[in-house]
Amino acid sequence: MMEIDLLRRSDLHTLLSGSTPPLVSIYLPTGRTGNDRQQAPIRLKNLLSRVEKELPATGLKEGEIRAMLRPARELLDNLDFWQHQAEGLAVFLSSSEMWHYRLPLRFEERAVVNERYHLKPLLPLFAGSGRFYVLALSENRVQFLKGNRFQLHPIPVPGLPPNMAEALWGTGPHPPQAGNGPGPHAHIGQTGEAHKREYLEFFHKVDHALREFLHGDPSPIVLACVDYLMPIYREASHGLNVFEEGISGNPEHTPFETLHERAWALVEPTFRRSEREARERIAAQSGSNAASNELDEIVPAAHYGRVQALFVSLSDEVWGRFCPQSSRIELTPTPNHESEDLLNAAALATLANGGDVYAVPPSDVPGAGRMAALFRY
């Protein structure tokens with residue numbers, strides 16, 4: 001399986017907190033095959049050259065600029081790195097750190113030098129895309145996978161039994177030969193309650209490891225197993241959000257892509273519900289003080305934590321400055337390091353204050369504007 005970085009919400013909050021400016025955000029399409037993949041190192045090299053020309057205006061000296069860009073330039077000759085790409089690459093640079101993420105989003109090529117990271121292109125990963133897990137169960141193999149709308153990949157869980165034999169009888173392939181009890185590969189339909197008890201013991205150990213690992217994480221867990229195991233695992237499980245529907249069949253030889261497709265089809269309606277409800281509330285409050293499509297109302301409201309839900313256009317940008325002291329907005333005709341995309345600013349402020357952000361194509365913004373907000377008060 002191709003290794004793809006899974007951007008976590010905690011990573012987003014780390015980037016939101018930022019570092020000492022100036023900060024550099026770089027996005028480019030990479031692709032797994034074809035022209036995008038071949039051109040990706042050249043694209044990154046050109047974007048870094050563009051950034052190098054912009055950074056002196058921020059006050060950095062030549063040596064500081066070289067040191068800041070060095071970690072990203074070291075990627076240019078890393079053949080293994082470029083052979084393992086997803087659809088898009090995001091790179092974030094400060095004077096002290098670099099983060100890079102290979103992600104399942106195709107980005108437009110761009111570089112932004114600013115006082116905080118330009119994160120709006122990442123937001124589709126967190127709005128309506130949902131985090132969920134898949135627990136793939138069989139006697140011979142246990143796997144725990146984490147995903148969202150775009151991807152699914154296995155994650156290690158300390159103490160999770162790799163299979164039934166090791167959970168019940170240690171590393172040996174068979175249980176102790178005592179009496180005429182069922183063996184580890186018997187079928188539940190043939191052995192009845194005796195073998196069900198073995199499965200319950202097995203699943204209790206699986207469940208215990210997951211509860212210790214997840215620490216109350218409410219994300220849904222989709223079971224992938226043969227039909228007769230689903231009710232047994234549900235009986236053994238306590239305190240986990242096991243989804244009401246599962247993926248039927250033996251998952252041992254099912255590709256991750258297939259598991260992802262089937263799991264997302266089950267959980268998507270749940271994750272889309274909050275977006276649909278936000279749209280309905282904005283429509284219901286249209287024309288009142290509880291909702292707005294106006295940038296000069298939304299940006300200050302987001303800064304002061306008043307925005308409960310925000311829809312923002314992915315492709316539009318409005319560059320300017322927001323002054324918290326006066327709550328005034330000053331637009332700038334062209335981007336520069338002293339201004340920022342105010343749509344990005346509103347989105348990041350909304351997230352920082354616990355609101356929901358939906359970064360969507362312009363045609364999907366309620367009211368057909370560049371942004372739409374539902375206010376808390």
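The shown structure was predicted, so the numbers you read here are calculated from the model rather than taken from an experiment.
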Rounding to 0.5 Å, atoms CG (Asp316) and NZ (Lys120) come to a distance of 7.0 Å

Measure the CD-CZ distance between Glu297 and Phe375 for me, rounded to the nearest 0.5 Å.
6.0 Å

Please check this pair: side chain of Asn353 against backbone of Gly355, looking for a donor-acceptor N/O pair closer than 3.5 Å.
no

What distance do Ile247 atom CD1 and Thr254 atom OG1 have between them, rounded to the nearest 0.5 Å?
8.5 Å

How long is the span from the NE2 atom in His204 to the CD atom in Glu235, to the nearest 0.5 Å?
7.0 Å

Applying salt bridge (charged side-chain N to carboxylate O under 4.0 Å, His left out), can you list everything that pairs with Arg321, at least two apart in sequence or on another chain?
Glu330, Glu338

Heavy-atom count check: over 12 atoms from other residues, nucleotides or ligands less than 6.0 Å from Arg141 CZ?
no

Atom pair CG (Leu123) and CG (Leu343), whose distance is rounded to the nearest 0.5 Å:
11.0 Å

Roughly how far apart are Ser237 OG and His208 NE2, rounded to 0.5 Å?
13.0 Å

Test item: Tyr358 and Asp364 side chains (from C-beta on) under 4.5 Å apart, heavy atoms:
no

Can you tell me if Arg306 has over 12 outside heavy atoms packed within less than 6.0 Å of its CZ?
yes

Pair Glu97-Ser94, side-chain donor/acceptor within less than 3.5 Å
no

Carboxylate-amine/guanidinium proximity below 4.0 Å for Arg197 and Glu201:
no

Is any side-chain heavy atom of Leu103 closer than 4.5 Å to one of Leu122?
yes

Donor-acceptor contact present, side-chain Thr350 to main-chain Ala346, <3.5 Å
yes

Any idea how Phe144 and Phe213 line up, ring-wise: parallel (<30°), tilted (30 to 60°), or perpendicular (>60°)?
perpendicular

Hey, can you tell me if Phe81 and His100 have their rings parallel, tilted or perpendicular (30° and 60° cut-offs)?
perpendicular

With a 3.5 Å distance limit and no angle check, can you tell me whether Ser17 reaches the backbone of Thr14 through a side-chain donor-acceptor pair?
yes

Is it the case that atom CG in Asn289 sees more than 12 heavy atoms from other parts of the structure closer than 6.0 Å?
no

Is the closest side-chain heavy-atom distance between Leu374 and Phe311 below 4.5 Å?
no

Can you classify the ring geometry of Phe202 versus Tyr199 as parallel (below 30°), tilted (30 to 60°) or perpendicular (above 60°)?
tilted

Go through the side-chain N and O atoms of Ser138 and Asn140 and say whether any donor and acceptor fall under 3.5 Å apart.
no

Any heavy-atom pair between the side chains of Leu135 and Val206 that's under 4.5 Å?
yes

Count the heavy atoms of every other residue, nucleotide or ligand shown that sit under 6.0 Å from CD of Glu261, and state whether that count exceeds 12.
no

Given Glu64, which of Glu62, Arg66, Lys61, Met68 fulfils the side-chain contact (heavy atoms from CB on, under 4.5 Å) condition?
Lys61

Do the non-hydrogen side-chain atoms of Leu137 and Phe203 ever get within less than 4.5 Å of each other?
yes

With clusters defined by side-chain heavy atoms of hydrophobic residues (ILVMFWY) lying less than 4.5 Å apart, directly or transitively, does Trp319 cluster with Leu342?
no

Is there side-chain contact between Ile221 and Asn241, with at least one heavy-atom pair below 4.5 Å?
no

Counting C-beta onward and ignoring hydrogens, is there a side-chain heavy-atom pair between Ile155 and Tyr133 closer than 4.5 Å?
yes

Is the count of non-hydrogen atoms from other residues, nucleotides or ligands lying under 6.0 Å from Arg281 atom CZ greater than 12?
no

